[in-house]
Amino acid sequence: MATTTELQHTVGKGAGFSGTSLHTGEKVSLKIQPAPVNHGVKFKRKDLPDEPTIDARIDNLKMVERATTIGEGSVRVHTVEHVLSALSAMGVDNATIEMDANEPPIGDGSAQPYVDLIKRAGLVPQDAPRKFFSVREAMHVEAKSGALLVVLPDEKFRISCTQAGPNNRLTQYLSTEITPAIYEHEIAPARTFVYYEEVEPLMEKNLIKGGSLENAIVVRGEAVLSKEPLRFPDEFVRHKILDIIGDLALFGARLCGHIIAVRPGHAANADLARALAREHARAAALAVPRVFPSGEGGLDVNQVMEILPHRFPFLMVDRVIGFEADTKITAVKSVSINEPFFQGHFPGHPVMPGVLQVEAMAQAASILLMRLARTSHRVGYFMSADSVKFRKPVFPGDTIFIHAEITKTRGAKLAKARCHCVVNDAVVSEGELMFTFLDQ
Ligand SMILES: [Zn+2]
């Protein structure tokens with residue numbers, strides 16, 4: 001039986017509080033609401049027509065300057081890192097965060113108000129397992145700012161962080177496991193801090209209307225200015241850890257790994273979240289069982305050809321072995337020596353051209369999209385292929401498992417998919433494809 005820490009959680013009831021937003025200085029009310037399994041965290045703008053929602057996921061990241069902004073279409077939510085940090089560390093997997101402005105209340109500049117909110121709303125386990133991602137190999141990202149983030153395999157979620165200010169002033173170091181109890185007492189109370197020389201121009205431009213000593217510690221030269229004394233002698237590095245947790249919450253799973261962060265910032269944190277999302281998708285593609293299910297759930301080649309207009313020699317999907325929710329598909333292509341492309345690619349050394357693997361990904365993603373739109377009277381056109389990598393050669397006799405996940409759609413016209421081809425439990429190619437759809 002699963003223990004409760006292995007189950008997804010939401011909040012028991014709605015709960016809210018009001019305050020001031022940092023950048024606009026406006027009053028804002030925020031309310032956390034329960035949400036079903038696999039919903040994740042979504043922000044809902046109650047102040048806008050139709051109350052649009054924004055998924056708190058890395059694909060929706062828009063800006064990382066000073067704070068983390070997410071958005072979909074023209075709708076934005078700024079400074080999401082403190083509320084996301086508290087949700088993630090306190091164990092809330094699914095929730096809707098309703099707001100009547102474009103930024104959550106800044107509170108006292110820490111995550112304490114959000115921890116209090118979550119405790120008032122209560123935590124309830126749900127009937128589905130949590131998504132964990134265990135890092136298998138060391139990963140790292142480096143930013144021009146001098147930030148360095150490394151993730152090492154670890155059974156737990158740990159962060160070891162070194163914070164250093166201008167000229168290495170205020171260098172602080174802390175290493176800790178992150179559990180709800182440790183987070184609540186050691187990390188959440190740590191407040192935002194700013195360097196006077198960095199905020200002075202922003203104050204002049206009136207870009208931080210809600211900023212004050214009520215919600216941030218200001219460091220000016222050797223002086224530390226704040227409304228109340230420091231809550232910890234090393235409060236700055238603790239806040240850096242708080243921000244890392246908030247930014248990494250965007251990657252979409254719970255991390256088992258040890259993060260070693262040197263001079264982290266939102267941009268580097270976001271880069272790491274992006275890298276983790278890619279690795280997580282790759283690992284998830286490998287975890288799918290390599291068996292053909294019998295009967296229901298998939299599509300045979302005739303059903304595939306009812307959906308796709310492609311025919312020999314350009315049909316790159318033999319069958320679909322399954323769909324997951326409305327966003328994922330797994331398809332299969334058996335590669336035989338009789339494929340026409342092997343004649344010329346290359347004589348005596350047959351390897352499947354990488355571009356045809358990209359075509360296979362595109363065809364699998366199209367099946368998913370046309371199934372979603374419930375039509376086959378349209379043709380999908382490729383607009384772009386990003387982050388395409390060919391990792392291993394594909395030879396005659398190989399069976400390619402093609403995985404595609406829709407990560408974004410705009411109306412019925414535009415879609416983005418993250419795709420992987422897998423042979424013998426290894427990712428052979430991957431890419432992020434964008435399509436547009438036109439009526440035939
Ligand atoms: Zn922060």
Side-chain angles (χ1 to χ4, degrees), residues 19-25 28 30 41 43 56 58 61-70 77-90 97 99 102-118 143 145 147 149 159 161-165 170 172 174 176 178 183-184 186-196 198-199 202 207-219 224-228 230-232 234-251 259 261-273:
T20 310
S21 65
L22 174 65
H23 292 98
T24 58
V28 47
L30 176 146
V41 174
F43 287 86
I58 191 70
L61 184 78
K62 295 295 176 211
M63 235 172 66
V64 288
E65 226 181 302
R66 295 189 304 280
T68 300
T69 295
I70 57 173
V77 181
H78 303 282
T79 323
V80 292
E81 61 269 21
H82 297 169
V83 53
L84 290 180
S85 177
L87 290 169
S88 164
M90 297 302 289
I97 306 296
M99 291 174 11
N102 65 7
E103 199 177 8
I106 186 68
D108 60 0
S110 77
Q112 188 71 57
Y114 294 105
V115 169
D116 296 342
L117 181 71
I118 292 163
S145 62
L149 293 164
I159 301 181
C161 182
T162 303
Q163 120 80 20
L170 300 165
Q172 298 178 354
L174 184 69
T176 179
I178 305 297
Y183 182 82
E184 181 184 347
E186 306 293 332
I187 303 299
R191 290 163 295 170
T192 304
F193 63 97
V194 292
Y195 300 105
Y196 181 77
E198 285 172 17
V199 291
L202 302 176
L207 286 176
I208 41 172
K209 291 198 185 89
S212 76
L213 290 180
E214 304 280 320
N215 50 40
I217 304 167
V218 177
V219 181
V224 173
L225 316 169
S226 68
K227 188 186 153 220
E228 55 172 291
L230 288 179
R231 294 175 177 176
F232 307 93
D234 56 357
E235 186 163 355
F236 301 153
V237 70
R238 289 172 194 251
H239 190 82
K240 286 288 188 182
I241 291 175
L242 188 163
D243 280 341
I244 291 172
I245 297 168
D247 289 337
L248 289 191
L250 294 171
F251 104 84
I259 296 174
V262 179
R263 303 190 71 181
H266 293 302
N269 296 349
D271 284 348
L272 183 61

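Both ligands and their constituent atoms are indexed starting at 1 by order of listing.
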Original post:
Please walk me through it: do His239 and Phe232 pass side-chain contact (heavy atoms from CB on, under 4.5 Å)?
Top reply: CA-CA 10 Å; His239 190 82; Phe232 307 93; over 6 Å; no
Original post:
Who passes side-chain hydrogen bond (donor to acceptor under 3.5 Å, both in side chains) against Asp271, sequence neighbours left out?
Top reply: Arg274
Subject >> Test item: Asn215 side-chain N/O and Ser212 main-chain N/O as donor-acceptor pair under 3.5 Å >> reply: yes
**OP:** Could you tell me whether the side chain of Gln163 and the main chain of Phe236 form a donor-acceptor pair under 3.5 Å?
**Re:** no
Original post:
Within the distance-only criterion (no hydrogens, no angle test), does the side chain of Glu235 pair as donor or acceptor with the backbone N or O of Arg191 below 3.5 angstrom?
Top reply: yes
Subject >> Smallest separation among heavy atoms of Pro189 and Ser110, with atom names >> reply: O-CB, 3.5 Å
**OP:** Using 2.8 Å as the cut-off, note every protein N, O or S atom close to the Zn ion (ligand 1).
**Re:** His82 NE2, His239 NE2, Asp243 OD1, Asp243 OD2
